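Computed from a predicted model, the values in this text were never measured in an experiment. Computed from heavy atoms alone, side chains included, the values below leave out hydrogens, waters and symmetry copies. Labels below follow one simple rule: chain letters A, B, ... track the order of the sequence lines, proteins then strands, and each chain is numbered from 1.
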Number of protein chains: 2
Amino acid sequence: MNYETLLKQHQLKITPQRIGILNMMHSAGHITIENLFEEIKKQFSSISLATLYKNINSMLDSSLITEVKAPNYKTHYEITKTPHAHFVCTSCGEHKDVEFDMSNLCKNLVDESTYEVAKTSVIVSGLCPDCK
Amino acid sequence: MNYETLLKQHQLKITPQRIGILNMMHSAGHITIENLFEEIKKQFSSISLATLYKNINSMLDSSLITEVKAPNYKTHYEITKTPHAHFVCTSCGEHKDVEFDMSNLCKNLVDESTYEVAKTSVIVSGLCPDCK
DNA sequence: AAGTCAAATAAGAATAATTATCTTTTAAGA
DNA sequence: TCTTAAAAGATAATTATTCTTATTTGACTT
């Protein structure tokens with residue numbers, strides 16, 4: 001699916017800046033605000049940091065993107081995909097997606113008759129294969 | 001165990017401010033920097049915010065405390081306990097500990113022959129029993 | 001118990017990160 | 001096309017965090 005229709009589905013206006021942000025985010029996999037700004041400036045030299053923040057926030061509000069907040073690392077952003085876990089390498093800092101069935105996890109976590117589970121975030125840190 | 005020996009174990013100097021911070025953190029369970037500062041000022045009216053930040057950082061470095069970074073919420077801090085998961089209520093904002101066996105989870109998550117897992121963070125959000 | 005020293009504190013300056021304000025521009029529907 | 005609400009850009013304001021310097025204090029030694 002392309003980003004135009006994705007934005008439309010989330011009732012967000014289609015702008016070149018937003019397309020650019022989503023492209024960067026997609027090719028990086030996960031990216032911080034500051035890296036995103038660096039990259040996006042290459043394409044839109046006059047883009048304002050405020051525009052970036054505002055777009056990040058509106059895309060977060062609509063759940064088009066997701067924030068990944070790993071302990072000891074800056075927040076990374078990714079395009080929302082099917083639920084999965086993250087692995088963060090303490091050596092190279094890389095954030096990697098890890099396939100994982102969240103719904104199964106929740107059954108073991110809290111009593112779903114008393115809690116109403118909405119989202120689950122699983123972040124594992126350690127050494128990735130390259131750094132081990 | 002009291003906080004003096006806990007600090008000593010982590011090779012941190014015992015100061016009244018640090019004892020106070022740990023007391024607040026313990027009674028709150030999980031607390032943000034700003035709430036911690038509000039509370040601690042009642043006890044140490046002249047405490048500096050820089051002191052709070054520096055202590056939080058040194059206690060994080062030594063793993064005496066742990067940061068809990070839930071999506072959409074400010075970072076909360078807690079005294080490091082045995083590994084457990086967290087539940088964050090999207091209605092009242094409460095952070096609650098949830099018993100959970102992390103080591104078991106990891107076995108299903110990544111191939112431990114290629115990855116070296118150090119820590120795991122599991123944060124579930126939704127409605128707590130009181131808000132459901 | 002007094003002396004020493006590295007580390008911690010306080011105060012405030014400096015820097016970084018995020019949000020708000022205001023004007024201009026633009027996407028999208030009539 | 002025209003219209004309008006929303007988005008972009010510029011920059012100010014706010015908030016969060018770190019740094020600097022002088023002073024104080026905890027912990028260790030004698």
Side-chain angles (χ1 to χ4, degrees), chain A residues 2-25 30-62 64-65 67-77, chain B residues 2-25 30-62 64-65 67-77:
Chain A
N2 62 16
Y3 301 130
E4 281 85 351
T5 51
L6 194 56
L7 285 166
K8 201 168 288 182
Q9 283 180 345
H10 288 81
Q11 300 172 13
L12 293 169
K13 214 179 248 189
I14 296 164
T15 69
Q17 291 86 344
R18 283 176 176 170
I19 304 284
I21 289 170
L22 290 173
N23 269 316
M24 290 301 169
M25 216 173 265
H30 313 83
I31 195 165
T32 61
I33 289 265
E34 63 175 346
N35 288 155
L36 195 45
F37 189 55
E38 276 173 26
E39 291 302 314
I40 204 77
K41 264 195 303 193
K42 294 176 185 168
Q43 196 182 342
F44 300 91
S45 55
S46 73
I47 197 174
S48 166
L49 187 52
T51 298
L52 181 54
Y53 273 105
K54 276 187 291 187
N55 280 329
I56 290 290
N57 284 331
S58 54
M59 292 195 279
L60 276 176
D61 289 345
S62 74
L64 198 168
I65 64 173
E67 54 182 358
V68 180
K69 296 170 70 169
N72 306 128
Y73 289 88
K74 290 189 180 173
T75 302
H76 284 59
Y77 299 90
Chain B
N2 61 18
Y3 302 131
E4 281 86 351
T5 53
L6 192 59
L7 285 165
K8 202 169 286 181
Q9 283 181 347
H10 288 80
Q11 299 173 14
L12 293 170
K13 214 180 250 187
I14 297 165
T15 69
Q17 291 84 345
R18 284 177 177 168
I19 304 283
I21 289 170
L22 290 172
N23 268 315
M24 290 300 169
M25 215 172 265
H30 313 83
I31 194 164
T32 61
I33 289 265
E34 61 174 347
N35 288 153
L36 196 45
F37 189 55
E38 276 173 26
E39 291 300 315
I40 204 78
K41 264 194 302 192
K42 293 176 186 170
Q43 194 181 343
F44 300 91
S45 55
S46 72
I47 197 172
S48 165
L49 189 51
T51 298
L52 181 54
Y53 273 104
K54 275 189 293 189
N55 280 329
I56 289 290
N57 285 332
S58 54
M59 292 195 279
L60 276 176
D61 289 345
S62 75
L64 199 167
I65 63 173
E67 53 182 0
V68 180
K69 295 169 69 170
N72 306 128
Y73 290 88
K74 290 191 179 170
T75 302
H76 284 59
Y77 300 90

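Put simply, CG on B:Asn55 and OG1 on B:Thr15 are 5.5 Å apart, with the number rounded to the nearest 0.5 Å. In this structure, OH in A:Tyr77 is found 13.5 Å from NE2 in A:His30, a value given to the nearest 0.5 Å. Residue B:Gln9 holds its CD atom at 13.5 Å from OH of B:Tyr3, rounded to the nearest 0.5 Å. A distance of 11.5 Å separates CD1 of B:Ile33 from NE2 of B:His76, quoted to the nearest 0.5 Å.
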In residues 43-51 of chain A, what donor-acceptor pairs under 3.5 Å come from side-chain atoms, sequence neighbours left out?
| unit_1 | atom_1 | unit_2 | atom_2 | d |
| --- | --- | --- | --- | --- |
| A:Ser48 | OG | A:Ala50 | N | 3.1 |

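Rounded to an integer number of Å, the gap from CG of B:Asn55 to C1' of D:dT17 is 15 Å. As rounded to whole Å, 9 Å separates atom P of D:dG9 from atom NZ of A:Lys54. Taking atom CD of residue A:Glu4 and atom P of nucleotide C:dA27, one finds them 12 Å apart after rounding to whole Å. Atom-to-atom, CG of A:Leu7 to P of D:dA7 comes out at 10 Å; the value is rounded to the nearest Å. We find that NZ of A:Lys69 is positioned 14 Å from C1' of C:dA17, with the value rounded to whole Å. As rounded to whole Å, 18 Å separates atom C1' of C:dA7 from atom NE2 of B:His10. Across the protein-nucleic acid pair, B:Arg18 atom CZ and C:dA10 atom P stand 12 Å apart, rounded to whole Å. The distance between atom CG of B:Asn57 and atom P of C:dA16, rounded to the nearest whole Å, is 16 Å.
Residues B:Leu64 and B:Leu22 have side chains in contact (heavy-atom distance under 4.5 Å, counting atoms from C-beta outward). In this structure, B:Asn2 and B:Ile19 have side chains that are not in contact, with every pair of non-hydrogen atoms separated by 4.5 Å or more.
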Please write out each protein N/O paired with an N/O of nucleotides 26-30 of chain D under 3.5 Å, distance rounded to 0.1 Å.
| unit_1 | atom_1 | unit_2 | atom_2 | d |
| --- | --- | --- | --- | --- |
| D:dG26 | O3' | B:Ile14 | O | 3.1 |
| D:dA27 | OP1 | B:Ile14 | N | 3.0 |

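Counting only heavy atoms from C-beta on, A:Tyr53 has its side chain closest to C:dT19 among C:dT19, C:dA10, D:dT17. Candidate nucleotides C:dT21, C:dA17, C:dT9 were compared by shortest atom distance to the side chain of A:Lys74, and C:dA17 ranks first.
No side-chain donor-acceptor contact under 3.5 Å links B:Glu67 to the backbone of B:Leu60. Not a single donor-acceptor pair under 3.5 Å links the side chain of A:Arg18 to the backbone N or O of A:Leu7. Between the A:Lys69 side chain and the B:Lys69 main chain, no donor and acceptor come within less than 3.5 Å of each other.
Under the salt bridge (charged side-chain N to carboxylate O under 4.0 Å, His left out) criterion, A:Lys74 pairs with A:Glu34, sequence neighbours left out.
Residue pairs meeting the salt bridge (charged side-chain N to carboxylate O under 4.0 Å, His left out) criterion with at least one member in residues 39-62 of chain A, sequence neighbours excluded, are A:Glu39-A:Lys42.
A rotation axis mapping the C1' atoms of four pairs onto the next four is fitted at both ends of the helix from C:dA1-D:dT30 to C:dA30-D:dT1 over five pairs, and the angle between these axes is 50° to 10 degrees.
Listed by residue number, A:Leu49, A:Ala50 are the residues of residues 32-51 of chain A with a heavy-atom contact under 4.0 Å to DNA chain C.
Applying the 4.0 Å criterion to OP1 and OP2 of C:dA7, one finds that B:Gln11 has every side-chain N and O outside that range. Using a 4.0 Å cut-off, some side-chain N or O of A:Gln17 falls inside it from OP1 or OP2 of D:dG9.
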